[in-house]
Every structure is written in C-alpha cells, then in structure tokens.
Novice: 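I have a structure here, written as structure tokens, and I will follow up with some questions on it.
In what follows, chains are A, B, ... by sequence order, proteins preceding strands, each numbered from 1.
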Amino acid sequence: MIAEVIVDVSTYHVDRPFDYQVPAEWINVIEAGCRVKVPFGARNVLGFVIGLKKETDIPLHKLKPITQILDMEPVLTEEMLQLARWLKNHTICYEIDALQVMLPSALRAKYEKIIKLQAPQSLPEEVQAIFGKRQQANFKEFERAGLLPLLKQLVAQESVTIDNVVKQQGNVKEIRMVKITEDQHLIEKVIEQSSRAVKQRLLLQWMCQHLGEVLSPQQIYDETGVSSAVLEAVIAKGAAQFIREEVYRDPFTKEVSRTHSLQLTEEQLVALQAITAAMEQPKGQTFLLHGVTGSGKTEIYLQSIQKVLEEGKEAIMLVPEISLTPQMTERFRSRFGEMVAVMHSGLSVGEKYDEWRKVQQGKVKVVVGARSAIFAPFTNIGLIILDEEHESTYKQEDSPRYHARDVAIWRSGFYQCPVILGSATPALESYARAKKGVYTLLSLKHRALHQTLPTVFIADMREELRQGNRSMFSVSLIEAMRLRLEKKEQMVLFLNRRGYSSFVLCRDCGTVVQCPNCDISLTYHRTTEKLKCHYCGYEEHIPQTCPQCQSDHIRYFGTGTQKVEEEIYKLFPEARVLRMDVDTTRHKGAHEEILQTFGEGQADILLGTQMIAKGLDFPNITLVGVLSADTSLHLPDYRAAERTFQLLTQVSGRAGRHNKPGEVIIQTYTPEHYAIELAKTQDYEPFYEREMFLRRRSSYPPYYFVALVQISHEDVMMAAEYAGRVADWLRGNLSNQAAIIGPTTASIARLQNRYRYQCLIKYKIEPNLIPVLQRLLAMYRAEWIKQGILMTVDLDPSTI
DNA sequence: AGCACGCCGACT
DNA sequence: GTCGGCGTGCTC
C-alpha cells in the first residue's frame with residue numbers, strides 16, 4: 001500500500017503529495033489524516049497522510065517506507081483534508097500550512113539533531129567534555145561550543161553519527177492513582193503476612209471496604225492517616241497497584257452555578273424561530289443577526305445552541321479574542337456546564353491541546369473560542385456562530401490568510417447547518433449580502449430589557465480650544481464625570497488609540513524622534529523612561545537633547561492612557577481610576593482581575609483602549625467618554641469610517657445597559673463627519689446607506705473585491721522597481737474590468753529597515769485572478785527572491 | 001527549508 | 001596537493 005503524504009516543509013517546491021510505502025504491519029492501522037514520520041532527503045520530517053492508494057508511478061528505487069505512525073486515530077478528518085485543500089486554493093497558501101493551522105500547536109513536530117557516540121576511544125578532550133558519561137549529545141551543544149568543524153571530522157571517521165529525530169510536543173498529562181485489588185482473599189492473605197506491621201494492617205483493613213476502587217494517593221492518606229511509606233509497602237505486597245490515569249488540564253479556576261434560559265422578547269423569539277426552523281432544513285444557510293447593543297443577541301445564541309444539543313449535534317461559537325472574557329465564558333459554562341470547551345490564546349500549549357482533545361473525543365459539544373476555534377474537530381456540527389462578525393480579528397494576518405467567516409460558511413455547507421453572523425454594526429459586506437438575500441437578515445431593533453439607548457453628546461474640541469480649554473477633557477465631559485463621582489456611579493473612558501502614543505518632539509526644530517528601522521515615531525513609555533517602536537520592538541533611552549539640533553527644548557506630545565490618568569487625578573484627586581492597556585494587562589489573568597475589581601465597584605473610572613470596547617456589561621456604568629474619536633478616522637484605509645462608526649457604537653453600548661439610563665460623550669475635532677454624526681443616533685441603516693454610496697463611487701467592497709500585493713526590499717529603488725513590475729504584470733494579465741491601484745508606498749513606508757510598496761487590485765468578476773497571482777508568485781520565487789525582494793499576496797485584506 | 005553534491009581559491 | 005567556501009538542485 002502507498003500513502004500520499006504532505007511533508008512538514010513549508011516551501012513551494014514540495015507543496016504536493018509525496019508517495020511512501022506503508023510497511024505491512026501498519027496497513028490496517030494507517031488512515032488518511034494520520035501524522036507520520038518519513039525520511040525526506042537526508043532527514044526525517046513529520047508528514048500528514050492525505051490519501052492511500054494501491055499503486056504509484058514513482059520508480060521503486062525512489063520509494064521509501066514510512067518510518068513511524070504517530071497517531072492510531074487520525075488527527076484530521078476527511079472533512080479537514082478537504083477544507084485544507086480549499087484553504088490552499090482560496091488563500092494561496094501551502095497545503096502544509098493549511099493542515100497545521102487546524103491543529104493545536106502541541107501536535108506540531110519539534111526537530112532535534114542528536115549526536116550518538118560510536119567509538120568512545122580516542123575522542124578529543126573538548127568533545128569528551130560534552131558527552132561526559134552520556135552516549136549521546138545534542139547538536140546544539142556542539143554548536144554552542146563552536147565545535148562544528150570538529151564534529152564533521154568525527155562523522156567522517158565514524159566516531160559519532162548524527163540522527164535527525166522528530167519529537168512530539170503534545171503530551172498527555174497523567175497522574176498517579178492507586179487501584180485497590182478486587183480480590184478480597186488477596187488482601188486477607190497480605191494481612192496475615194503483615195502481622196507485625198500495625199499501620200499496614202490498618203490500611204489493608206480499610207482497603208477491604210474499598211475493593212476495586214481507584215483513588216489518588218492523597219485521598220488515601222487523608223482517609224486513613226497513613227504515610228506514603230505504608231502505602232508503598234502495601235503496594236509492594238500486591239494488595240493494590242499504581243496506575244497512570246489520563247487527565248485534562250483544567251483552565252477553569254472557579255466553579256459556576258447553573259443558569260437557565262431567559263424569557264425572550266417578541267423580536268428575539270422571531271429570530272430564534274427562524275434559526276431553529278433552518279436547523280430542520282438540510283442546507284447551509286447564513287443568517288445575519290443585526291441587533292442594537294444590549295438587544296440580547298447572546299441569549300439567542302444560547303437558546304439556539306440549546307436546541308442543537310437537544311438534537312444531539314455540536315456547536316461552535318466564535319468571539320473576538322479581546323472579548324473572550326471570563327464574563328463571556330462563564331455565561332456559556334453556567335448554561336451548558338461541562339459540555340463547553342474554551343479555546344483562546346491565553347491558554348498554555350498543553351491546555352489548548354487538552355481542550356482540543358475534549359472536542360475530538362466527543363467529551364464536549366460546544367466550543368467557545370477565538371478565530372482558530374473555527375477548526376474545532378467536531379464531526380456533527382449543527383450550528384456555527386460568529387459574534388461581532390465585523391471584527392477584523394477574524395482575519396488571520398499571516399499565512400494561511402483565512403477569514404473565519406469564510407471557513408464557517410464552508411463548514412456549514414459541509415454539515416448542511418446554519419451559520420449566525422451577529423453584530424450591532426455588521427461589516428458592510430455582510431449587510432449588503434443580507435440585503436441581496438444571500439444571507440437571511442434578522443433584526444433586533446430594541447434593547448431586551450427595554451432600556452433606552454444612551455443619549456450621545458458630541459463635544460466639539462475646536463470650540464473648546466477657542467474658548468481657551470486646552471486640556472484633553474471638554475467642559476461637558478468634566479461636568480458629567482463630576483456628576484457620576486457625586487452619585488457614586490461608574491464610568492468608562494475610552495482612548496481611541498493603540499496603547500498610548502505619546503511622541504517626543506523638539507520645540508526648536510520640530511523633529512519627532514523616529515525609529516531607526518521603521519518610518520514610525522517612537523512611543524514614550526513612562527514606566528521604563530524609554531522610547532519604544534511599536535512595530536519592531538526597538539527601544540532607546542529618552543534623549544536629553546534633540547538628536548537633530550542639540551536643543552534641550554524637548555517635549556512629550558500626544559495623549560496616552562498614563563497621561564490621561566494623571567490628568568484625571570489633577571481634576572478629581574478623590575477618583576479611583578483603573579487603567580487597562582497593554583501595560584497593565586501583560587501578565588496572565590490581569591485582564592480578568594481588572595474587570596473583576598471594576599465590577600465589584602472598587603473603582604469609579606475604567607480607563608482604557610480598544611480592549612474595553614467590547615463585552616463589558618456592568619449595571620452601574622452610566623457614562624462613557626470617548627476622548628478622541630478622530631484618531632481612527634483619518635487612517636489611510638477605505639474602512640476607516642466604518643471602523644470608527646463601529647467603535648463608537650460599540651463603546652456607547654457599554655452605558656446604561658441595566659435600569660440606570662446611560663450617557664455618552666464623544667470628543668472630536670471633526671463633529672461634522674458622517675461617521676461621528678451618525679454614531680450619535682446609533683442608527684446603522686443611515687450609516688450603511690451613506691457609506692455604500694461612497695464605496696460605490698470609489699469602487700471598493702462590497703461593490704468590488706480587493707486583493708493586496710505587498711513588495712518590500714532593503715533598498716528603496718529596488719522595492720519601487722519591482723512594485724512597478726508587479727503593477728505592469730497585473731495590468732497585462734488581468735482583464736480590463738480589474739483596476740490596479742499603484743504601486744504606492746505602504747502606510748508604514750519602512751518597517752524593520754525594509755522599504756514597502758503595494759499594489760491594490762479591485763475587481764468584480766475575475767475568474768483568472770488566482771491563477772494569475774500564482775504565476776506572479778512563481779515568477780517571484782524563481783527570480784525576484786534572489787534579489788532580496790519579499791512579496792506577499794492577500795486576497796480580501798483586512799487593512800490596506 | 002535543509003542538506004548533499006560539486007566546482008574553484010588559500011593554505012600545509 | 002587538500003580543506004573548505006557557498007552556488008545549484010533535489011527531496012517519494
């Protein structure tokens with residue numbers, strides 16, 4: 001039998017199946033989807049069996065046998081293998097990358113080179129030192145000692161050999177348990193033998209009451225009061241034995257109480273019924289659940305999943321990484337208990353592997369997770385949900401550049417089950433598809449508890465400036481904050497920026513201190529008193545004088561969360577502020593701690609960036625302040641207005657979710673911009689119409705599709721030249737329906753010392769797009785790459 | 001990718 | 001005359 005294997009080598013040369021001989025003893029064991037170890041060239045690599053066949057065209061002398069099978073049960077189902085093929089063709093990636101992305105990293109291979117000692121006599125001293133008393137050593141040890149040339153000699157004279165070994169990282173966690181024998185006579189016999197050992201007799205008599213049970217050693221010590229020495233003696237005599245038991249690492253630290261379905265509103269009921277009706281139909285149908293913030297989308301998800309479970313099927317629930325808070329996961333765990341697995345980046349490799357195994361072994365029926373959870377290895381999916389479907393985190397930024405929404409719809413087609421895309425502010429593409437009837441639109445226009453939407457006030461910061469207010473807070477925001485502090489209500493202040501972006505500026509010559517590797521201003525970090533580059537990690541000490549003109553008139557500009565915090569204390573010394581940003585949430589669980597502290601009312605003001613925009617649901621929040629709505633509005637991206645509107649609507653939704661009415665104050669220098677004006681009414685429809693008009697006029701999605709080709713080189717001229725060639729090639733090979741924009745410099749023109757250019761393709765129907773791009777990539781690999789060019793292709797990029 | 005094979009310059 | 005530099009090409 002012959003196995004078709006995709007090898008774990010991520011290059012285009014080997015991006016195809018290789019045939020291997022299946023050794024006779026494994027013919028009945030091996031299946032498509034198993035991982036195997038195979039010899040490949042001069043080394044051993046991991047590979048995935050994607051098919052089995054009787055014959056091969058490969059000449060026999062070339063055909064090699066599989067070294068080892070790593071899985072008795074396939075780790076990838078037939079569905080996954082098909083999905084990988086689809087990903088490969090639709091995102092233009094290597095098949096191996098598509099396969100790897102579907103598995104937990106614990107199942108990825110680790111490669112090691114082991115040096116084995118063959119002739120211990122006559123070794124040079126320095127080599128002797130490395131081996132010590134061992135028979136083998138690691139290649140890295142030789143490398144570190146700088147003995148690679150010597151090693152080569154030793155291999156030549158056959159004193160040592162080099163083995164390439166493939167290791168698995170994924171380890172099943174085991175604990176040691178004690179199994180008491182079921183045979184009472186055996187225990188009685190042991191008791192007779194132990195006439196002088198009082199403690200042992202005590203333990204044995206206790207064991208008579210617990211025949212056949214499996215207990216942890218600790219439980220036995222606790223119950224009987226004997227020590228480990230006594231237990232071991234008894235085990236040595238055969239009355240019990242140690243066994244190893246597989247356990248799952250438990251990422252949940254606290255117990256939750258069970259909750260039950262809530263009463264639905266009329267609107268919610270209509271939506272739920274449409275979804276459950278679709279479950280009866282054997283077809284993949286996509287719903288767009290468009291509901292204002294606080295309209296109770298989550299309850300619809302929960303009850304839909306309930307229905308899926310009753311039918312004996314499984315459900316996947318995706319949420320953006322950032323909102324995968326304990327608040328969210330607890331809601332699921334309290335409804336479905338042990339049926340839920342959680343997958344997100346906060347788990348360790350081992351924990352992720354265990355959650356994955358729970359799914360694979362059918363121990364759970366529901367997965368709640370971030371983007372990659374879309375690959376949960378269920379085999380009978382009844383429903384897939386993407387909450388906050390407009391979020392850009394659903395798009396993976398490196399290969400395979402897949403969008404979880406597309407994978408969800410693909411899987412729903414495979415399992416003939418519905419998909420729910422939920423959002424208060426759907427992606428324009430999704431809403432357009434719903435209007436066209438490609439998706440089924442479900443609307444929730446009212447908040448579930450009949451709270452009114454918060455009132456939104458736009459503060460014109462230009463006017464404030466004219467009035468002589470040069471602080472970062474408008475008069476109305478200060479007043480609103482003062483009121484909340486008096487009434488002991490809570491508020492959230494949102495800084496619409498990544499991290500906190502203070503930069504350093506010389507007041508004499510206007511120089512802003514830049515990163516030496518990237519065209520980006522360095523960011524001032526107060527805690528470390530350093531300047532950092534957010535893109536390449538470069539950091540330096542704060543200069544005392546301007547690097548350009550040596551002037552000592554250096555000033556820190558811009559507004560960061562730290563700066564805001566200081567300002568708040570100046571205005572309200574008694575206020576208790578909790579800051580939530582990249583700095584305060586670095587360690588594991590910090591996110592949760594801050595939210596819990598705030599939820600318990602131990603602070604008045606929660607101050608933060610993007611990460612507080614979502615999922616926050618505390619009854620006492622009555623004020624939301626957006627300090628600067630403009631920052632995301634002026635990004636060079638056709639989605640800038642959409643992003644801003646979404647963000648403003650999201651943060652506004654944090655206020656007044658329970659019985660106290662909410663107020664939102666948005667500060668801006670461009671109050672007349674439609675994204676800000678329309679965020680005031682939190683009305684999606686007018687925004688949609690307005691934005692669609694602009695998208696149509698400039699031929700952007702949803703009217704056109706876009707694809708992005710990025711080109712970079714250490715030398716500007718080279719980068720520009722090859723970017724030009726890309727544009728010319730595309731113009732020559734695509735239809736004249738397609739518009740090629742560029743080459744233009746990327747929004748960050750230089751990153752890590754590479755100059756970056758890009759070409760944007762806008763197209764409507766372009767059946768040859770993928771083949772043309774593949775030919776372009778082939779050209780790049782064959783020639784350009786040698787010149788130091790780096791090129792990437794992203795179909796449907798999330799940012800441009 | 002990573003490894004072997006293979007063909008030309010600086011050393012014993 | 002050999003060691004070792006890294007260009008080229010293949011991996012079932």
Novice: By ring-ring contact (aromatic ring centres under 6.0 Å, His included), which residues pair with A/Tyr402, not counting sequence neighbours?
Specialist: A/Phe375
Novice: Go through DNA chain B in 5' to 3' direction and return only the first and the last nucleotide with some atom under 4.0 Å of chain A's heavy atoms.
Specialist: B/dA1 to B/dA4
Novice: Show me the protein contacts with nucleotides 8-11 of chain C, counting only N or O atoms at under 3.5 Å.
Specialist:
| unit_1 | atom_1 | unit_2 | atom_2 | d |
| --- | --- | --- | --- | --- |
| C/dT11 | OP1 | A/Lys62 | NZ | 2.9 |
| C/dT11 | O3' | A/Gly41 | N | 3.0 |

Novice: List in chain and number order the residues that pass salt bridge (Lys or Arg N to Asp or Glu O under 4.0 Å) with A/Glu714, two or more places apart in sequence or in another chain; answer none if no residue qualifies.
Specialist: none
Novice: May I have the list of side-chain donor-acceptor pairs in residues 777-790 of chain A shorter than 3.5 Å, sequence neighbours left out?
Specialist:
| unit_1 | atom_1 | unit_2 | atom_2 | d |
| --- | --- | --- | --- | --- |
| A/Tyr780 | OH | A/Met791 | N | 3.3 |
| A/Lys786 | NZ | A/Ala782 | O | 2.9 |

Novice: So what does A/Ser10 touch, heavy atoms closer than 4.0 Å: a base, only the sugar-phosphate, or nothing?
Specialist: nothing
Novice: So A/Leu63, base contact, sugar-phosphate only, or nothing? Heavy-atom distance under 4.0 Å.
Specialist: sugar-phosphate
Novice: Sequence neighbours excluded, which residues qualify as salt bridge (Lys or Arg N to Asp or Glu O under 4.0 Å) partners of A/Arg725?
Specialist: A/Glu721
Novice: Keeping to residues at least two apart or across chains, list the ring pair (Phe, Tyr, Trp, His ring centres under 6.0 Å) pairs with something in residues 48-78 of chain A.
Specialist: none
Novice: Sequence neighbours left out, what passes salt bridge (Lys or Arg N to Asp or Glu O under 4.0 Å) with A/Glu389? Give chain and number order.
Specialist: A/Arg405
Novice: Run the salt-bridge test on A/Glu95 and A/Arg16 with the 4.0 Å N-O cut-off and return the result as yes or no.
Specialist: no
Novice: Can you list everything that forms a ring-ring contact (aromatic ring centres under 6.0 Å, His included) with A/Tyr757? Sequence neighbours excluded, please.
Specialist: none
